[in-house]
Amino acid sequence: MLGLLLVTFIIGRVMPIDPVLKVVGDRATQAQYDAAYQAMGLDRPLVVQFIRYLGEVLTGDFGRSISTGQLVVDDIRRVFPATVELATLGTLIGVAIGVPLGVIAAARRGGAIDQVARVVALVGYSMPIFWLGLMGLLVFYGILGWVGGPGRQGIIYDGMVPTVTGLILVDSLIAGDWGAFRDAFSHIILPASLLGYFSLAYISRMTRSFMLEQLSAEYITTARVKGLSERAVIWRHAFRNIQIPLITVIALSFGSLLEGSVLTEIIFSWPGLGQYITKALLSGDMNAVLGGTVVVGTCFVLLNLLSDILYRVLDPRSK
(Lines give C-alpha, C1' and ligand atoms only; values in the text may rest on other atoms or scores of the structure.)
Protein backbone atom coordinates (compact mmCIF):
# COMPACT_ATOMS: atom_id res chain seq x y z
CA MET A 1 0.00 0.00 0.00
CA LEU A 2 2.86 2.36 0.77
CA GLY A 3 4.36 1.66 -2.65
CA LEU A 4 1.00 2.24 -4.31
CA LEU A 5 0.54 5.55 -2.52
CA LEU A 6 4.04 6.63 -3.52
CA VAL A 7 3.44 5.76 -7.18
CA THR A 8 0.08 7.52 -7.31
CA PHE A 9 1.59 10.59 -5.65
CA ILE A 10 4.41 10.75 -8.19
CA ILE A 11 1.99 10.28 -11.09
CA GLY A 12 -0.12 13.13 -9.78
CA ARG A 13 2.95 15.39 -9.72
CA VAL A 14 4.46 14.49 -13.11
CA MET A 15 1.23 14.62 -15.10
CA PRO A 16 1.29 17.61 -17.50
CA ILE A 17 -1.77 19.09 -15.80
CA ASP A 18 -1.67 22.17 -13.60
CA PRO A 19 -3.99 21.46 -10.63
CA VAL A 20 -3.97 25.13 -9.66
CA LEU A 21 -5.43 26.21 -13.01
CA LYS A 22 -8.12 23.57 -12.63
CA VAL A 23 -9.15 25.27 -9.38
CA VAL A 24 -8.78 28.98 -10.11
CA GLY A 25 -9.35 28.90 -13.87
CA ASP A 26 -7.21 30.32 -16.67
CA ARG A 27 -8.49 33.88 -16.11
CA ALA A 28 -7.17 34.18 -12.56
CA THR A 29 -4.60 36.82 -11.72
CA GLN A 30 -1.06 35.92 -10.74
CA ALA A 31 -1.83 36.84 -7.13
CA GLN A 32 -4.84 34.49 -7.08
CA TYR A 33 -2.76 31.76 -8.69
CA ASP A 34 0.05 32.16 -6.13
CA ALA A 35 -2.41 32.14 -3.23
CA ALA A 36 -4.02 28.92 -4.44
CA TYR A 37 -0.59 27.41 -5.12
CA GLN A 38 0.43 27.99 -1.52
CA ALA A 39 -2.95 26.93 -0.10
CA MET A 40 -2.64 23.59 -1.91
CA GLY A 41 0.82 23.07 -0.39
CA LEU A 42 2.57 22.84 -3.77
CA ASP A 43 5.27 25.29 -2.67
CA ARG A 44 6.59 22.78 -0.11
CA PRO A 45 9.27 20.10 -0.78
CA LEU A 46 8.02 16.87 -2.40
CA VAL A 47 8.86 14.86 0.72
CA VAL A 48 6.68 17.12 2.85
CA GLN A 49 3.92 17.00 0.24
CA PHE A 50 4.03 13.18 0.22
CA ILE A 51 3.85 12.95 4.01
CA ARG A 52 0.87 15.29 3.97
CA TYR A 53 -0.73 13.27 1.16
CA LEU A 54 -0.13 10.03 3.07
CA GLY A 55 -1.75 11.42 6.19
CA GLU A 56 -4.78 12.66 4.26
CA VAL A 57 -5.28 9.32 2.48
CA LEU A 58 -4.99 7.34 5.72
CA THR A 59 -7.84 9.44 7.12
CA GLY A 60 -9.95 8.85 3.99
CA ASP A 61 -9.39 12.34 2.60
CA PHE A 62 -8.75 12.22 -1.16
CA GLY A 63 -9.51 15.89 -1.65
CA ARG A 64 -12.33 17.45 -3.62
CA SER A 65 -13.25 16.52 -7.17
CA ILE A 66 -12.94 19.38 -9.63
CA SER A 67 -15.51 17.76 -11.96
CA THR A 68 -18.33 17.20 -9.45
CA GLY A 69 -17.40 19.69 -6.74
CA GLN A 70 -17.92 16.95 -4.16
CA LEU A 71 -15.45 15.19 -1.89
CA VAL A 72 -13.79 12.36 -3.81
CA VAL A 73 -14.57 9.89 -1.02
CA ASP A 74 -18.28 10.74 -1.34
CA ASP A 75 -18.14 10.27 -5.11
CA ILE A 76 -16.41 6.90 -4.71
CA ARG A 77 -18.94 5.85 -2.10
CA ARG A 78 -21.66 6.64 -4.64
CA VAL A 79 -20.19 4.95 -7.75
CA PHE A 80 -18.18 2.02 -6.34
CA PRO A 81 -21.19 -0.19 -5.42
CA ALA A 82 -22.23 -0.23 -9.09
CA THR A 83 -18.82 -1.59 -10.08
CA VAL A 84 -18.81 -4.11 -7.23
CA GLU A 85 -22.27 -5.37 -8.26
CA LEU A 86 -21.24 -5.73 -11.91
CA ALA A 87 -17.90 -7.40 -11.14
CA THR A 88 -19.43 -9.76 -8.55
CA LEU A 89 -22.11 -11.03 -10.92
CA GLY A 90 -19.53 -11.37 -13.69
CA THR A 91 -17.23 -13.37 -11.41
CA LEU A 92 -20.09 -15.63 -10.29
CA ILE A 93 -20.90 -16.37 -13.94
CA GLY A 94 -17.24 -17.04 -14.68
CA VAL A 95 -16.83 -19.40 -11.71
CA ALA A 96 -20.14 -21.24 -12.23
CA ILE A 97 -19.28 -22.08 -15.83
CA GLY A 98 -15.49 -21.84 -15.98
CA VAL A 99 -14.62 -24.23 -13.13
CA PRO A 100 -16.80 -27.19 -14.27
CA LEU A 101 -15.76 -26.58 -17.88
CA GLY A 102 -12.07 -26.65 -16.95
CA VAL A 103 -12.45 -29.78 -14.83
CA ILE A 104 -14.37 -31.69 -17.50
CA ALA A 105 -11.96 -30.54 -20.22
CA ALA A 106 -9.01 -31.88 -18.22
CA ALA A 107 -10.77 -35.14 -17.41
CA ARG A 108 -11.53 -35.66 -21.12
CA ARG A 109 -8.32 -34.33 -22.52
CA GLY A 110 -8.28 -34.26 -26.31
CA GLY A 111 -12.02 -34.86 -26.54
CA ALA A 112 -14.75 -32.67 -27.97
CA ILE A 113 -15.41 -30.85 -24.69
CA ASP A 114 -11.72 -30.14 -24.29
CA GLN A 115 -11.53 -28.66 -27.78
CA VAL A 116 -14.61 -26.51 -27.15
CA ALA A 117 -13.19 -25.27 -23.85
CA ARG A 118 -9.92 -24.29 -25.51
CA VAL A 119 -11.70 -22.45 -28.30
CA VAL A 120 -13.93 -20.65 -25.78
CA ALA A 121 -10.88 -19.57 -23.79
CA LEU A 122 -9.02 -18.46 -26.92
CA VAL A 123 -11.95 -16.38 -28.16
CA GLY A 124 -12.40 -14.90 -24.69
CA TYR A 125 -8.77 -13.78 -24.63
CA SER A 126 -8.75 -12.49 -28.20
CA MET A 127 -12.08 -10.76 -28.78
CA PRO A 128 -12.16 -7.01 -27.94
CA ILE A 129 -14.68 -6.41 -25.19
CA PHE A 130 -15.91 -3.13 -26.67
CA TRP A 131 -16.83 -4.95 -29.92
CA LEU A 132 -18.65 -7.71 -28.03
CA GLY A 133 -20.47 -5.07 -25.98
CA LEU A 134 -21.66 -3.19 -29.05
CA MET A 135 -22.72 -6.41 -30.79
CA GLY A 136 -24.52 -7.55 -27.65
CA LEU A 137 -26.46 -4.30 -27.44
CA LEU A 138 -27.33 -4.49 -31.12
CA VAL A 139 -28.55 -8.09 -31.02
CA PHE A 140 -30.02 -8.67 -27.56
CA TYR A 141 -31.32 -5.13 -26.91
CA GLY A 142 -31.83 -3.50 -30.29
CA ILE A 143 -33.10 -6.47 -32.33
CA LEU A 144 -34.40 -9.11 -29.92
CA GLY A 145 -35.33 -6.86 -26.99
CA TRP A 146 -34.37 -9.53 -24.47
CA VAL A 147 -32.41 -7.24 -22.14
CA GLY A 148 -32.58 -3.69 -20.89
CA GLY A 149 -30.56 -0.93 -22.50
CA PRO A 150 -27.65 1.09 -21.15
CA GLY A 151 -27.66 2.27 -17.54
CA ARG A 152 -28.47 0.52 -14.27
CA GLN A 153 -32.24 1.04 -14.47
CA GLY A 154 -34.95 2.28 -16.78
CA ILE A 155 -36.29 5.80 -16.47
CA ILE A 156 -39.45 4.61 -14.70
CA TYR A 157 -37.55 2.98 -11.82
CA ASP A 158 -34.62 5.40 -11.65
CA GLY A 159 -34.34 6.68 -8.08
CA MET A 160 -37.45 4.79 -6.92
CA VAL A 161 -35.60 2.21 -4.79
CA PRO A 162 -34.25 3.51 -1.43
CA THR A 163 -30.46 3.20 -1.23
CA VAL A 164 -29.34 0.85 1.54
CA THR A 165 -26.29 -1.00 0.22
CA GLY A 166 -25.83 0.75 -3.11
CA LEU A 167 -26.31 -2.61 -4.86
CA ILE A 168 -29.49 -2.06 -6.85
CA LEU A 169 -30.43 -5.75 -6.98
CA VAL A 170 -30.06 -6.12 -3.23
CA ASP A 171 -31.79 -2.82 -2.44
CA SER A 172 -34.78 -3.69 -4.62
CA LEU A 173 -35.12 -7.03 -2.82
CA ILE A 174 -34.92 -5.29 0.56
CA ALA A 175 -37.63 -2.88 -0.58
CA GLY A 176 -39.73 -5.80 -1.91
CA ASP A 177 -40.03 -4.06 -5.30
CA TRP A 178 -39.98 -6.96 -7.75
CA GLY A 179 -40.63 -4.70 -10.72
CA ALA A 180 -37.48 -2.70 -9.94
CA PHE A 181 -35.55 -5.95 -9.40
CA ARG A 182 -36.56 -7.35 -12.79
CA ASP A 183 -35.74 -4.04 -14.46
CA ALA A 184 -32.32 -3.84 -12.78
CA PHE A 185 -31.58 -7.47 -13.65
CA SER A 186 -32.47 -6.90 -17.30
CA HIS A 187 -29.96 -4.04 -17.40
CA ILE A 188 -27.09 -5.79 -15.62
CA ILE A 189 -27.30 -9.25 -17.18
CA LEU A 190 -25.72 -8.35 -20.52
CA PRO A 191 -22.65 -6.40 -19.25
CA ALA A 192 -22.21 -8.93 -16.43
CA SER A 193 -22.33 -11.79 -18.95
CA LEU A 194 -19.65 -10.13 -21.05
CA LEU A 195 -17.39 -9.70 -18.03
CA GLY A 196 -18.30 -13.22 -16.96
CA TYR A 197 -17.22 -14.54 -20.35
CA PHE A 198 -13.77 -12.99 -20.03
CA SER A 199 -13.53 -14.26 -16.46
CA LEU A 200 -14.70 -17.67 -17.64
CA ALA A 201 -11.97 -17.83 -20.26
CA TYR A 202 -9.26 -17.21 -17.68
CA ILE A 203 -10.71 -19.41 -14.94
CA SER A 204 -11.47 -22.37 -17.21
CA ARG A 205 -7.98 -22.30 -18.70
CA MET A 206 -6.29 -22.19 -15.31
CA THR A 207 -8.62 -24.87 -13.89
CA ARG A 208 -7.80 -27.15 -16.80
CA SER A 209 -4.08 -26.61 -16.28
CA PHE A 210 -4.30 -27.31 -12.53
CA MET A 211 -6.38 -30.44 -13.10
CA LEU A 212 -4.05 -31.87 -15.76
CA GLU A 213 -1.16 -31.57 -13.31
CA GLN A 214 -3.11 -33.36 -10.58
CA LEU A 215 -4.51 -36.09 -12.84
CA SER A 216 -0.98 -37.07 -13.85
CA ALA A 217 0.12 -37.50 -10.22
CA GLU A 218 0.81 -40.90 -8.68
CA TYR A 219 -1.89 -40.66 -6.01
CA ILE A 220 -4.52 -40.44 -8.79
CA THR A 221 -3.18 -43.66 -10.31
CA THR A 222 -3.32 -45.27 -6.88
CA ALA A 223 -6.92 -44.17 -6.40
CA ARG A 224 -7.92 -45.66 -9.74
CA VAL A 225 -6.11 -48.92 -8.98
CA LYS A 226 -8.08 -49.14 -5.73
CA GLY A 227 -11.25 -49.19 -7.79
CA LEU A 228 -12.63 -45.73 -7.04
CA SER A 229 -15.07 -44.36 -9.55
CA GLU A 230 -13.81 -41.78 -12.02
CA ARG A 231 -16.19 -39.22 -10.54
CA ALA A 232 -14.71 -39.74 -7.07
CA VAL A 233 -11.16 -39.58 -8.42
CA ILE A 234 -11.80 -36.30 -10.23
CA TRP A 235 -13.96 -34.40 -7.77
CA ARG A 236 -13.04 -35.89 -4.39
CA HIS A 237 -9.28 -36.18 -4.89
CA ALA A 238 -7.94 -34.13 -7.82
CA PHE A 239 -10.32 -31.18 -7.55
CA ARG A 240 -9.82 -30.89 -3.80
CA ASN A 241 -6.10 -30.38 -4.33
CA ILE A 242 -6.54 -27.52 -6.81
CA GLN A 243 -8.85 -25.49 -4.59
CA ILE A 244 -6.06 -23.41 -3.05
CA PRO A 245 -4.44 -22.18 -6.31
CA LEU A 246 -7.93 -21.81 -7.78
CA ILE A 247 -8.87 -19.39 -4.99
CA THR A 248 -5.99 -17.14 -6.02
CA VAL A 249 -7.10 -17.27 -9.65
CA ILE A 250 -10.68 -16.35 -8.75
CA ALA A 251 -9.56 -13.54 -6.43
CA LEU A 252 -7.30 -12.04 -9.09
CA SER A 253 -10.05 -12.39 -11.66
CA PHE A 254 -12.47 -10.53 -9.41
CA GLY A 255 -9.89 -7.80 -8.81
CA SER A 256 -9.29 -7.49 -12.54
CA LEU A 257 -12.99 -7.01 -13.17
CA LEU A 258 -13.11 -4.31 -10.51
CA GLU A 259 -10.43 -2.26 -12.24
CA GLY A 260 -10.72 -3.55 -15.80
CA SER A 261 -14.40 -2.94 -16.54
CA VAL A 262 -13.81 0.60 -17.84
CA LEU A 263 -14.78 -0.12 -21.44
CA THR A 264 -17.80 -2.13 -20.37
CA GLU A 265 -19.02 0.66 -18.11
CA ILE A 266 -18.56 3.23 -20.87
CA ILE A 267 -20.35 1.16 -23.52
CA PHE A 268 -23.28 0.37 -21.25
CA SER A 269 -23.34 3.79 -19.54
CA TRP A 270 -22.79 2.01 -16.25
CA PRO A 271 -22.22 4.63 -13.51
CA GLY A 272 -19.37 2.81 -11.82
CA LEU A 273 -15.83 3.52 -10.69
CA GLY A 274 -14.28 2.83 -14.09
CA GLN A 275 -16.42 5.40 -15.83
CA TYR A 276 -15.83 7.85 -12.98
CA ILE A 277 -12.03 7.54 -13.24
CA THR A 278 -12.12 7.81 -17.04
CA LYS A 279 -14.17 11.00 -17.01
CA ALA A 280 -11.95 12.42 -14.28
CA LEU A 281 -8.81 11.65 -16.30
CA LEU A 282 -10.21 13.28 -19.44
CA SER A 283 -11.06 16.41 -17.47
CA GLY A 284 -7.74 16.52 -15.62
CA ASP A 285 -9.33 15.82 -12.25
CA MET A 286 -6.31 14.15 -10.64
CA ASN A 287 -7.79 14.01 -7.13
CA ALA A 288 -10.55 11.75 -8.44
CA VAL A 289 -8.16 9.67 -10.55
CA LEU A 290 -5.73 9.07 -7.69
CA GLY A 291 -8.53 8.39 -5.22
CA GLY A 292 -10.05 5.75 -7.49
CA THR A 293 -6.62 4.20 -8.11
CA VAL A 294 -5.93 3.88 -4.38
CA VAL A 295 -9.35 2.26 -3.83
CA VAL A 296 -8.72 -0.34 -6.55
CA GLY A 297 -5.25 -1.06 -5.18
CA THR A 298 -6.70 -1.50 -1.70
CA CYS A 299 -9.19 -4.02 -3.11
CA PHE A 300 -6.33 -6.07 -4.58
CA VAL A 301 -4.51 -6.08 -1.24
CA LEU A 302 -7.66 -7.15 0.62
CA LEU A 303 -8.43 -9.87 -1.94
CA ASN A 304 -4.94 -11.32 -1.51
CA LEU A 305 -5.39 -11.19 2.26
CA LEU A 306 -8.72 -13.00 1.92
CA SER A 307 -7.03 -15.66 -0.21
CA ASP A 308 -4.44 -16.23 2.52
CA ILE A 309 -7.19 -16.60 5.11
CA LEU A 310 -9.07 -19.12 2.96
CA TYR A 311 -5.85 -21.11 2.51
CA ARG A 312 -5.82 -21.79 6.24
CA VAL A 313 -9.47 -22.83 6.15
CA LEU A 314 -9.16 -25.25 3.21
CA ASP A 315 -5.69 -26.62 3.97
CA PRO A 316 -5.07 -27.46 7.64
CA ARG A 317 -1.39 -28.06 6.85
CA SER A 318 -0.90 -24.29 6.37
CA LYS A 319 -1.66 -23.80 10.08
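Along the sequence shown, residues are numbered consecutively beginning with 1.
- Ser172 places no side-chain N or O within 3.5 Å of a backbone atom of Ala180 that could act as its donor or acceptor partner.
- Other residues, nucleotides and ligands contribute only 12 or fewer heavy atoms inside 6.0 Å of the CZ atom of Arg205.
- Between Val294 and Phe62 the shortest side-chain heavy-atom distance falls below 4.5 Å.
- Between the side chains of Ser307 and Thr248, not a single donor N or O lies within less than 3.5 Å of an accepting N or O.
- Annotation: side chain of Pro81 is not in contact with side chain of Thr165 (no heavy-atom distance under 4.5 Å).
- Within 6.0 Å of atom CD1 in Ile155, 12 or fewer heavy atoms from other residues, nucleotides or ligands are found, so the atom counts as exposed in its surroundings.
- Between Tyr53 and Phe50, the ring planes are tilted. Angles from 30° to 60° get that label.
- For the ring-ring contact (aromatic ring centres under 6.0 Å, His included) condition, the pairs that include at least one residue of residues 213-236, sequence neighbours left out, are Trp235-Phe239.
- For Arg52, the CZ atom counts as densely surrounded, since its 6.0 Å shell holds more than 12 non-hydrogen atoms of other residues, nucleotides or ligands.
- Within a 6.0 Å sphere centred on CE of Met1, other residues, nucleotides and ligands contribute more than 12 heavy atoms.
- For residues 186-217, there are no ring-ring contact (aromatic ring centres under 6.0 Å, His included) pairs, not counting sequence neighbours.
- A distance-only check finds no donor-acceptor pair linking the side chain of Asp183 to the backbone of Gln153 [under 3.5 Å].
- Between the side chain of Ser253 and the backbone N or O of Val249, no donor-acceptor pair lies under 3.5 Å.
- A 4.5 Å side-chain heavy-atom check between Leu200 and Ile93 finds every atom pair outside the cut-off.
- Looking only at side-chain heavy atoms (C-beta outward), Ile188 and Trp270 come within less than 4.5 Å of each other.
- In this view, Arg224 and Leu215, Ile220, Glu230, Val233 satisfy the side-chain contact (heavy atoms from CB on, under 4.5 Å) rule, not counting sequence neighbours.
- Around atom CD1 of Ile309, more than 12 heavy atoms belonging to other residues, nucleotides or ligands sit under 6.0 Å away.
- With contacts defined as side-chain heavy-atom distances shorter than 4.5 Å, the pair Arg118/Arg208 qualifies.
- Side-chain contact between Leu194 and Phe268 is present, with at least one heavy-atom pair separated by less than 4.5 Å.
- Residue pairs meeting the salt bridge (Lys or Arg N to Asp or Glu O under 4.0 Å) criterion with at least one member in residues 210-221, sequence neighbours excluded, do not occur.
- Atom OG1 of Thr264 is separated from atom CG of Leu195 by 4.0 Å, given to the nearest 0.5 angstrom.
- Within a 6.0 Å radius of CZ in Phe185, other residues, nucleotides and ligands contribute 12 heavy atoms or fewer.
- No side-chain donor-acceptor contact under 3.5 Å links Thr163 to the backbone of Gly166.
- Donor-acceptor pairing under 3.5 Å is recorded for the side chains of Asp75 and Thr68.
- Considering only heavy atoms from C-beta on, Arg236 stays 4.5 Å or farther from Arg231 through its side chain.
- Every residue meeting the side-chain contact (heavy atoms from CB on, under 4.5 Å) condition with Ile51, not counting sequence neighbours, appears here in chain and number order: Val47.
- Applying the salt bridge (Lys or Arg N to Asp or Glu O under 4.0 Å) test to every pair with at least one member in residues 168-182, sequence neighbours left out, gives no pairs at all.
- When atom types are taken as modelled, the side chain of Asp74 and the backbone of Gln70 share no donor-acceptor pair closer than 3.5 angstrom.
- Put simply, the side chain of Thr59 gets close to the backbone of Gly55: a donor and an acceptor are under 3.5 Å apart.
- A distance of 9.5 Å separates CE in Met211 from CG in Asn241, rounded to the nearest 0.5 Å.
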